[in-house]
2 protein chains.
Amino acid sequence: MRILLIEDERELAEALSAALGKHGIVTDHTVHLVDAVELTRQNLYDAILLDRRLPDGEGLSFIPELRRTGKDTPIIVLTARNEPKERIEGLDLGADDYLGKPFLVEELMARLRAVLRRSPELAELKITAGRMVIDPLHLSVTVDAVPLDLPRRELLVLAALARRKEQTVLRSTLEAAVYNYEEEIQSNALDAHISRLRKRLIDVGAGVAIHNIRGVGYLMKEE
Amino acid sequence: MRILLIEDERELAEALSAALGKHGIVTDHTVHLVDAVELTRQNLYDAILLDRRLPDGEGLSFIPELRRTGKDTPIIVLTARNEPKERIEGLDLGADDYLGKPFLVEELMARLRAVLRRSPELAELKITAGRMVIDPLHLSVTVDAVPLDLPRRELLVLAALARRKEQTVLRSTLEAAVYNYEEEIQSNALDAHISRLRKRLIDVGAGVAIHNIRGVGYLMKEE
DNA sequence: CCACAAGGGTTGCGGCAGCATTGCGGAGCT
DNA sequence: AGCTCCGCAATGCTGCCGCAACCCTTGTGG
């Protein structure tokens, strides 16, 4: 799960990013609308959080701009401009939800879940693979209905692979699923996660195997 | 147990919220119908307490509105408009109970219990875990039929975990089960409750253990 | 069939973030 | 006044995870 946060208050952005991280959500953050356009071109986000007052313009203008490129990524507007009239304006421009500042992270999470639930692309509310059922929104994995507790990063790798089981997943796709731009890695951390994950999957008899496609990425197969 | 109170007399609302709190019920309070609609969209309440005269309209109009969204959350109307004709009106619109002001909190509690007893979703009238039996409506826990008295917040944590035993419960879910929107916590209060609860559970041999899932939440397992 | 290179697998280590524990003090109840 | 509850913060501890060293596998060229 990866989202884009467009917000100019750095403190709020950092707090949000940390809080969302605890829910297994990887957040990219930008302050400027221009960068946001660029980022959405290069990445497929699951949702976008959008402020209105931004240094280079009204955030709402981003919505039609994004839609014009054919993307219907869910957008939640986060703003202090919270008059009923302003809310209507935002929603009519194509925002999926509108949340006034200040807000509780828990409410934002709930709204995110609601918005994603409605999003047809992400019918991934429950991913099944082998004997596993993965619930990425609630950060849980079960094997034959027995809960399995995994470290957060391993869980993210697992979910990213299981979501595309029987397909090769690019190395870079996996990295994008687990790390944001600020969390650069300069080692084989991903390989290490895969390694430990494999061991665990064998231990519990998960009914899946992770294969390597040399020079390309990884592939999860059911047994 | 979490309920929504829609009521415009602030004093009454605060008193009620406090009184219900003593019965282990977490109360979200709002004055406006618009907010109520929003809140029910984002939260799953166990019941709703509804006033009739509200600043933005007749409270009763909320009932069909809620039902239309597919929720059959029990609703108790609390109002000074207590003529027989008015009561019939309320109940026919889909309210589960109708209580005239002024009333005794004890009566409200009893009616709440009655209404919840009928509610099929909450087959959680008795939660069993290990050697414990928890009755969240009467705020009691027994271990091998011996009553155990726990501080209120610890009990709420316990019930929230026991209700989802063998499953990972997100930290945020636990917080939502114990605190309402106004009671923000900025410390490790939850951890402290868990810690003290664990000690007690061991002392009495409750037959359950609370495990931590690092970065995610907690998990109750039976032994 | 061997040499070599490059990519991947595995594993121990260490830093540090997140968790556990506990004493303190304020608030509320009796 | 004395009690318990509970939020808070200080302290110590645990285990995740990035890192890098080393080994194994695969592919290519001679």
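Chain naming here is simple, since letters A, B, ... match the order of the sequence lines and numbering starts at 1 in each.
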*Spacing of B:Leu155 atom CG relative to D:dT4 atom P, expressed in whole Å*: 18 Å

_Looking only at the side chain of B:Pro151 (C-beta and beyond, no hydrogens), which of the listed nucleotides D:dG7, D:dT26, D:dC6 gets closest?_
D:dC6

*asked:* Return whichever of A:Arg152 or A:Gly215 has its heavy-atom-nearest nucleotide of DNA chain C closer to the 5' end.
replied: A:Gly215

*Taking only N and O in the side chain of A:Ser187, is any of them less than 4.0 Å away from OP1 or OP2 of D:dC19?*
yes

_Distance, rounded to the nearest Å, where A:Asn212 contributes CG and D:dT26 contributes C1'_ = 10 Å

*Lys/Arg-Asp/Glu bridge criterion (N-O < 4.0 Å) met for B:Asp191, B:Arg171*: yes

*What nucleotide among D:dC8, C:dG12, C:dG9 has an atom nearest to a side-chain atom of A:Arg196?*
C:dG12

*Please tell me which of the listed nucleotides, D:dC6, D:dC5, D:dG18, lies nearest to the side chain of B:Arg200?*
D:dC5

*asked:* I'd like to know if A:Arg2 and A:Asp28 make a salt bridge, using a cut-off of under 4.0 Å between side-chain N and carboxylate O.
replied: yes

*Taking all heavy atoms of A:Ala177 and all of A:Val26, pick out the closest pair and write down the distance.*
O-CG2, 3.5 Å

*Where the side chain of A:Ala189 is concerned, which of D:dG18, C:dT21, C:dG9 is the nearest nucleotide?*
D:dG18

*Nearest-nucleotide comparison on DNA chain D, the residue closer to the 5′ end among B:Asp149 and A:Val178*: B:Asp149

*Classify the nucleic acid contact of A:Arg153 as base, sugar-phosphate or nothing, counting any heavy atom under 4.0 Å across all strands shown.*
sugar-phosphate

*Considering only side-chain heavy atoms of B:Asp191, which listed nucleotide, C:dT21, D:dC17, C:dG7, is closest?*
C:dT21

*Shortest side-chain distance from B:Lys199, nucleotide among C:dG9, C:dT22, D:dT14*: C:dT22

*Could a donor-acceptor pair under 3.5 angstrom be found where the side chain of A:Arg214 meets the base of C:dG7?*
yes

*Starting from C1' on C:dG7, measure out to CG on A:Leu170 and report it in whole angstrom.*
16 Å

*asked:* Measure CG/B:Leu190 against P/C:dT22 and give the value in whole Å, please.
replied: 17 Å

*Between B:His193 and D:dC5, is there a side-chain N or O to OP1/OP2 distance below 4.0 Å?*
no

*Between C:dG9 and A:Ser195, is there an OP1 or OP2 to side-chain N/O distance shorter than 4.0 Å?*
no

*Report yes or no: is there a donor-acceptor pair, N or O only, under 3.5 Å between the side chain of A:Asn188 and the base of D:dA20?*
yes

*Which nucleotide sits closest to the side chain of B:Ala192: C:dT22, C:dA6, D:dC17?*
C:dT22

*Do the side-chain N or O atoms of B:Tyr218 get closer than 4.0 angstrom to the phosphate oxygens (OP1, OP2) of C:dA20?*
yes

*asked:* Does a side-chain N or O of A:Tyr179 approach OP1 or OP2 of D:dC17 to a distance below 4.0 Å, or not?
replied: no

*Evaluate the salt bridge (Lys or Arg N to Asp or Glu O under 4.0 Å) criterion for residues A:Glu166 and A:Lys221: first the C-alpha distance (whole Å), next the side-chain angles of each, then the deciding distance (0.1 Å), finally the verdict.*
CA-CA 5 Å; A:Glu166 316 296 335; A:Lys221 278 197 174 171; 5.7 Å; no

*Output the distance between atom NZ (A:Lys71) and atom CD1 (A:Ile75), rounded to the nearest 0.5 Å.*
11.5 Å

*Between A:Lys101 and A:Glu9, is there a salt bridge with N-O shorter than 4.0 Å?*
yes

*May I have the distance from A:His211 (atom NE2) to D:dT26 (atom P), rounded to whole angstrom?*
13 Å

_Separation of atom CG in B:Leu174 from atom C1' in C:dC19, rounded to whole Å_ = 14 Å

*Can you tell me how far P of D:dC16 sits from CG of A:Leu158, to the nearest Å?*
16 Å

*B:Arg198 CZ - D:dT14 P separation (whole Å)*: 13 Å

